[in-house]
Amino acid sequence: MPELPEVETVVRTLAPRLEGRRIVEARFSSRFVTPGNRAALARRVRGRTVTRVYRRGKFIVCTLDQGELSVHLGMTGKLLFDAAPSPHTHAVFELDTGALLFDDPRQFGRIEWGAKRASRLGPEPLDVTLDDFLHRLALRKTRLKALLLNQTFLAGIGNIYADEILFAAGLYPRTIASRLRAARATRLYRAMREVLSRAIERRGSSISDYVDAEGRPGAFQLEHCVYGREGQPCVNCGSAIRKITISQRGTHYCPKCQRS
DNA sequence: TGGAATGTTCGGCT
DNA sequence: AAGCCGAACATTCC
């Protein structure tokens, strides 16, 4: 569910309703989502006012009048305003106006005090300069697919967008990064910016049940060229889209448009 | 029933 | 010593 475009969409729906609000009460009930002392976390959060909500990679960081709270949605996490609690509700923030719930069936999401993990990330894909991107790419001897997924290389790209970006750039996912010449590396940079920007415009991809903080799905899944399209015809050349495994992640590509 | 699913971390290895 | 790979985490859905 939540990669950079989805998290960006969540933050855009979250920020206007959360900034300036006071957290009257917080309750945490999962030892996975909130590892450590949950009562202590609730005490730290209680009574705080949210001053700013922003995205860093796939993290949602809430700056408070005292301290910071970071939320990672994992694979199936959702932040929802004024929703009915479910068996998968693991956190409740009661605000001075309404309530914000954190739901996560798989419990790969995390809610943590501070923004330590968000500070250890690579640059934002939409902020990094072409020069910086080319230099960093040339230093890596790993496969393009694995590199795009590496959050210390770039922050926010996940499995869907890695595949869509490599298709848009016409690059074979197993290509070794440092072996790309400048022209193709530049194509990768441009494809990355175009795919991510377009996906944000479409409010992200809803492939199973992703919704933003208002409960609305995205529409970029309708524009996926390779992800989830194994065996279907390539939108460019009609060849059957192939699915392989790289770094233990399903990887979709067109064997003709993305040659090794 | 086994396998895969939008993600991250950690141990082991080179 | 950096950096990669596979396993593990918990749950649902084919």
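Heavy atoms only: backbone and side chains are in, while hydrogens, waters and symmetry mates are out. In what follows, chains carry the letters A, B, and so on, assigned in the order in which the sequence lines appear, proteins first and then strands, with residues in each chain numbered from 1. Note that the coordinates shown come from a computational prediction; the quantities given were computed from them, not determined experimentally.
Side chain to side chain, Asn150(A) and Thr152(A) meet the donor-acceptor criterion of an N or O pair below 3.5 Å. Checking Ser206(A) against Gln221(A) by side-chain atom types alone, no donor-acceptor pair falls below 3.5 Å. Residues Thr97(A) and Arg21(A) bring a donor and an acceptor atom of their side chains to less than 3.5 Å of each other.
Ranking dT12(C), dG7(B), dC5(C) by closeness to the Arg106(A) side chain, first place goes to dG7(B). Here dC4(C) is the nucleotide among dT9(B), dA7(C), dC4(C) with the atom lying nearest to any side-chain atom of Asn150(A). Counting only heavy atoms from C-beta on, Gln107(A) has its side chain closest to dT11(C) among dC9(C), dT11(C), dA5(B). In the set dA5(B), dC4(C), dG7(B), the nucleotide with an atom closest to the side chain of Thr142(A) is dC4(C). Listed candidates were dC9(C), dA5(B), dT11(C). Nearest to the side chain of Tyr227(A) is dA5(B). Side chain of Met75(A), nearest nucleotide from dA5(B), dT8(B), dG6(C): dA5(B). In the set dC4(C), dA5(B), dA10(C), dA5(B) carries the atom at the smallest distance from any side-chain atom of Lys243(A).
When the P atom is compared between dA1(C) and dT9(B), the two are found 22 Å apart, to the nearest whole Å.
At the heavy-atom level, Phe32(A) lies under 4.0 Å from the strands shown only through sugar-phosphate atoms. Gln248(A) comes within contact range of at least one nucleobase, with a heavy-atom separation under 4.0 Å. As judged by a 4.0 angstrom heavy-atom cut-off over every strand, Arg120(A) is placed among residues making no nucleic acid contact. The residue Arg110(A) sits apart from the nucleic acid: no heavy atom pair falls under 4.0 Å.
Counting to the nearest Å, the C1' atom of dC4(C) and the CD1 atom of Ile176(A) are 11 Å from each other. His224(A) places its NE2 atom 15 Å from the P atom of dA5(B), with the value rounded to the nearest Å. Atoms NZ (Lys78(A)) and C1' (dT11(C)) sit 12 Å apart, rounded to a whole Å. Per the geometry, CZ belonging to Phe108(A) stands 9 Å off C1' belonging to dT8(B), to the nearest Å. Atom-to-atom, NE2 of His88(A) to C1' of dT12(C) comes out at 8 Å; the value is rounded to the nearest Å. Rounded to an integer number of Å, the gap from CD1 of Ile246(A) to C1' of dC5(C) is 13 Å. Separating the CD1 atom of Ile60(A) from the P atom of dT8(B) is a distance of 12 Å, rounded to the nearest angstrom. Across the protein-nucleic acid pair, Leu73(A) atom CG and dG7(B) atom P stand 11 Å apart, rounded to whole Å.
Checking the phosphate oxygens (OP1, OP2) of dG3(C), no side-chain nitrogen or oxygen of Lys141(A) falls inside 4.0 Å. For the pair Arg249(A) and dG7(B), the criterion of a side-chain N or O lying under 4.0 Å from OP1 or OP2 is met. At the phosphate of dG7(B), neither OP1 nor OP2 sits under 4.0 Å from any side-chain N or O atom of His72(A). Listed pair His90(A) / dA10(C) fails the phosphate criterion, with no side-chain N or O lying under 4.0 Å from OP1 or OP2.
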Pair Phe93(A)-Phe28(A), ring pair (Phe, Tyr, Trp, His ring centres under 6.0 Å): steps then yes or no: CA-CA 9 Å; Phe93(A) 299 91; Phe28(A) 305 109; 5.6 Å; yes
Audit row: Tyr172(A), Tyr253(A), ring pair (Phe, Tyr, Trp, His ring centres under 6.0 Å) steps and yes/no: CA-CA 7 Å; Tyr172(A) 180 58; Tyr253(A) 73 104; 5.5 Å; yes
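Applying the Watson-Crick and G-U wobble criteria (two distances, each under 3.5 Å), dC10(B) pairs with dG6(C).
Asn159(A) pairs with exactly one of Glu164(A), Lys145(A), His252(A) by the side-chain hydrogen bond (donor to acceptor under 3.5 Å, both in side chains) rule, that one being Lys145(A).
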